[in-house]
Amino acid sequence: MASDPVATRSGSAPGGGRGRVSSRTGLTVLAVIVSLISLFPVLWMVTSSFKTRTTVTDGNPLPRDFTFDNFVYVFTEVPFARYLWNSFFTSAVITVVALFFHSMAAYALARLRFPGRDRLFGAIFATLLVTPPVVLIPLFMVARQLHLLDSYAGLIVPAVFNAFGIFLLRQFYLQLPRELEEAAVVDGCGHWRVYWNIVLPMSRPILSALAIFFFLANWNAFVWPLVATSDQDLTVVQLGIASFQTQYGSNWNYILAAATVAALPMLLLFFAFQRQIVESVKTSGLK
């Protein structure tokens, strides 16, 4: 006997729906588990920063003797506020300057035609294959010859160039409709006005995401500030935390309090602008 097509379709639909629901539920549970595993070290750091020296390593997730003395010690006995300012100043300057120059370079590589453009982009992209430790010694020698060591310029200038930012912005500009630029050229705009009045306003989502990436990367910078500075007035926050580990190796309550203070602004920044990060990935063509 021939089967009824309508009955077959109606019978198979619930099974397929249950399969999709169970698959979605499994992925949701997996995402929750991975999220909890990722968040646990951060939560443990925050809760342990409120513990006393005798209870900081007791293994309990919540403090039994809740205290703010660790944070008071960090800001009174150590110039930790100066460390935070140094990291904020250098990260902010690097972010602003890098976005300005990277966007101009990416626009030129995406829209302007000049000899050697593709080769130049290939050379810039190839620098992503070189790990930072490889160029650390040459970079130090160049900075020493230019008298950039032990200065804010030595912390800022070498960190401005980043091939990833140029690459991501170029891919974004390649997807912008050329009609807008052509209409502006017809109205008498040059390349600079097109870049400043049309391209930059349309680049706000990806520029916001890159600003977060650059700021986070330079806020967490450790190796280059360690090599380029020996002046205590130029110590950044990550070097300050490392000095805590050498001076107060057994006082983990002070170390965790300092780490919490250093991590909290970045966590707030990420959660405030996470939508811009997602939008930038969607609009840049990265799947």
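When reading the values below, keep in mind they use all heavy atoms of this one structure, side chains included, and skip hydrogens, waters and symmetry mates.
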Undergrad: Do F172 and L168 have side chains that approach each other closer than 4.5 Å (heavy atoms only, starting at C-beta)?
TA: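 Side-chain contact under 4.5 Å: no.
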
Undergrad: Return the OG to OH distance between S203 and Y173, rounded to the nearest 0.5 Å.
TA: 3.5 Å

Undergrad: I'd like to know whether L176 forms a side-chain contact (heavy atoms from CB on, under 4.5 Å) with R111, so could you lay out the CA-CA distance, the side-chain angles of the two residues, the decisive distance to 0.1 Å, and finally the verdict.
TA: CA-CA 10 Å; L176 292 180; R111 287 294 193 251; 3.6 Å; yes

Undergrad: Drop me the distance from S103's OG to L200's CG, to the nearest 0.5 angstrom.
TA: 5.0 Å

Undergrad: Are side-chain heavy atoms of R82 and T235 found at a separation under 4.5 Å?
TA: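 Sidechains of T235 and R82: no contact.
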
Undergrad: Which class fits the ring pair Y152 and F89: parallel under 30°, tilted 30 to 60°, perpendicular over 60°?
TA: perpendicular

Undergrad: Starting from V157 and following side-chain heavy-atom contacts under 4.5 Å between hydrophobic residues (I, L, V, M, F, W, Y), which residues can be reached?
TA: none

Undergrad: Would the distance check show the side chain of D187 and the main-chain N or O of C189 forming a donor-acceptor pair, the cut-off being under 3.5 Å?
TA: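 Pair absent, no side-chain N/O of D187 close to backbone of C189.
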
Undergrad: If we ignore hydrogens and angles and just use 3.5 Å, is the side chain of S49 paired with the main-chain N or O of V46 as donor and acceptor?
TA: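 Side chain of S49 to backbone of V46, a donor-acceptor pair under 3.5 Å: yes, one is there.
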
Undergrad: Under 4.5 Å between side-chain heavy atoms, hopping through other hydrophobics if needed: is there a path connecting V96 to V236?
TA: no

Undergrad: Would you say F214 and S91 make side-chain contact, with heavy atoms under 4.5 Å?
TA: no

Undergrad: Short question: side chain of D231, backbone of S151 - any donor-acceptor pair under 3.5 Å?
TA: no

Undergrad: Could you tell me how the ring of Y73 sits relative to the ring of Y254: parallel (under 30°), tilted (30 to 60°) or perpendicular (over 60°)?
TA: parallel

Undergrad: Between D118 and L109, is there a side-chain heavy-atom distance shorter than 4.5 Å?
TA: no

Undergrad: Does V237 offer a backbone N or O that forms a donor-acceptor pair with the side chain of N86 under 3.5 Å?
TA: no

Undergrad: Is it true that T25 and T28 share a donor-acceptor pair across their side chains at a distance under 3.5 Å?
TA: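 On atom types as modelled, these side chains do not qualify, holding no pair under 3.5 Å.
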
Undergrad: Quick one: ring pair (Phe, Tyr, Trp, His ring centres under 6.0 Å) partners of F114, sequence neighbours excluded?
TA: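 F114 satisfies ring pair (Phe, Tyr, Trp, His ring centres under 6.0 Å) with no other residue.
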
Undergrad: Keeping T55 on the side-chain end and T52 on the backbone end, is there a donor-acceptor pair under 3.5 Å?
TA: yes

Undergrad: For the side chain of H102 and the backbone of N162, is there at least one donor-acceptor N/O pair under 3.5 Å apart?
TA: yes

Undergrad: Does a side-chain heavy-atom distance below 4.5 Å link N70 with L256?
TA: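 Answer no - side chains too far apart.
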
Undergrad: Measure the shortest side-chain to side-chain distance between I166 and F101 over non-hydrogen atoms and say whether it is less than 4.5 angstrom.
TA: no

Undergrad: With a 4.5 Å cut-off on side-chain heavy atoms, are T90 and N218 touching?
TA: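 A side-chain contact under 4.5 Å is absent here.
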
Undergrad: Tell me, do H191 and W196 make a side-chain contact under 4.5 Å, heavy atoms counted?
TA: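 SC-SC contact between H191 and W196 ruled out.
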
Undergrad: Do R144 side-chain atoms and L149 backbone N/O form a donor-acceptor pair below 3.5 Å?
TA: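 Between the backbone of L149 and the side chain of R144 there is no qualifying donor-acceptor contact (under 3.5 Å).
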
Undergrad: Look at the rings of F215 and W219 and say which category their plane angle falls in: under 30° parallel, 30 to 60° tilted, over 60° perpendicular.
TA: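 The arrangement is parallel - the two ring planes meet at less than 30°.
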
Undergrad: Quick one: does N60's side chain have a donor or acceptor within less than 3.5 Å of a partner on L62's backbone?
TA: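 A pair under 3.5 Å: no.
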
Undergrad: F71 and F50: ring pair (Phe, Tyr, Trp, His ring centres under 6.0 Å), yes or no, with the steps?
TA: CA-CA 8 Å; F71 297 93; F50 294 99; 5.1 Å; yes

Undergrad: So, W224 side chain and G154 main chain: donor-acceptor pair closer than 3.5 Å or not?
TA: yes

Undergrad: Quick one: CZ on R204 to CE on M202, what's the gap to the nearest 0.5 Å?
TA: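 Between atom CZ of R204 and atom CE of M202 there are 11.5 Å.
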
Undergrad: Parallel, tilted or perpendicular: which describes the rings of Y83 and F80, with under 30° parallel and over 60° perpendicular?
TA: perpendicular

Undergrad: For A31, does its backbone N or O pair with a side-chain atom of S35 as donor and acceptor, under 3.5 Å?
TA: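 Yes.
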
Undergrad: Extract all donor-acceptor atom pairs below 3.5 Å that involve side chains of residues 123-135 and protein atoms in other chains or at least two apart in sequence.
TA:
unit_1, atom_1, unit_2, atom_2, d
T127, OG1, I124, O, 2.4

